[in-house]
Amino acid sequence: MNVFRLAGDVSHLVAIIILLVKIWRSKSCAGISGKSQVLFALVFTTRYLDLFTVFISAYNTIMKVVFLAMSYATVYLIYMRFRNMYDSENDTFRVEFLLVPVIGLSFLENYAFTPLEILWTFSIFLEAVAIMPQLFMITKTGEAESITTHYLFFLGLYRALYIANWVWRYHTEEFFDQIAVVSGVVQTIFYCDFFYLYVTRVLRGKAKMILP
Amino acid sequence: DRVTGGKDEL
């Protein structure tokens, strides 16, 4: 464990908490892409199956359970509790355009042709594109509430910090996970446009981020 | 060059 990875995990946790609390307190999921949240729940489900096969550390186990629980709670709030507030006509990204290539690639490019390893690889590739429906929804509505942009900021920051963690681990322990690194870089690149808007608009105190 | 078995990263 190093400071970059710890900061990344904390940033990820903060993002998930921000969204969950926002939906719960505002009793609304307007502007939130339910599809992205379902994809994130799928990412955690397919990635954390090793909860049942191997114990790594208390931290590892606890964080995996927390991420799983909170992502399912978010999906529950969007599609069950506050479903009448769900903005379905703007959440129209075709997720099959993400799932088909990701499934295909995880069968082609993996470390071992075993169910657990292919599911892990699937979760890594899927996480890189899981935010697409949410970013698409924001470009479609042309705006995002500032709390939603904070959520996206911490979500994007988490994988950027993981890249720093991979650089650190490469130089200190010769650790290199090619699939995770390549996918993590692609994932972070997708946020760059948002990061620019976030810094130039939201941090300037705008109530909400209005896209140009 | 990877953690075998369980993944130590989240």
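Letters A, B, ... are given to chains in the order of the sequence lines, protein chains preceding strands, and every chain is numbered from 1. None of these values were measured; they are calculated from a predicted model.
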Query - Audit row: Arg169(A), Glu9(B), side chain to side chain contact (heavy atoms under 4.5 Å, CB included) steps and yes/no - result: CA-CA 12 Å; Arg169(A) 293 189 74 179; Glu9(B) 293 187 344; 2.8 Å; yes
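- For the residue pair Lys7(B) and Ile56(A), the shortest heavy atom distance occurs at O-CD1, 2.7 Å.
- Only the side chain of Tyr162(A) comes within contact range of chain B, with heavy atoms under 4.5 Å apart.
- Nearest heavy atom pair, residue Asn60(A) against residue Asp8(B), reads ND2-O, 3.3 Å.
- For the options Met1(A), Arg5(A), Glu173(A), Met63(A), heavy-atom pairs under 4.5 Å to chain B are most numerous at Arg5(A).
- Only the side chain of Tyr48(A) comes within less than 4.5 Å of a heavy atom in chain B; its backbone stays farther off.
- Within 6.0 Å of OH on Tyr59(A) lie more than 12 heavy atoms contributed by other residues, nucleotides or ligands.
- The main-chain N or O of Leu10(B) is never found under 3.5 Å from a side-chain atom of Asp9(A) such that the two would form a donor-acceptor pair.
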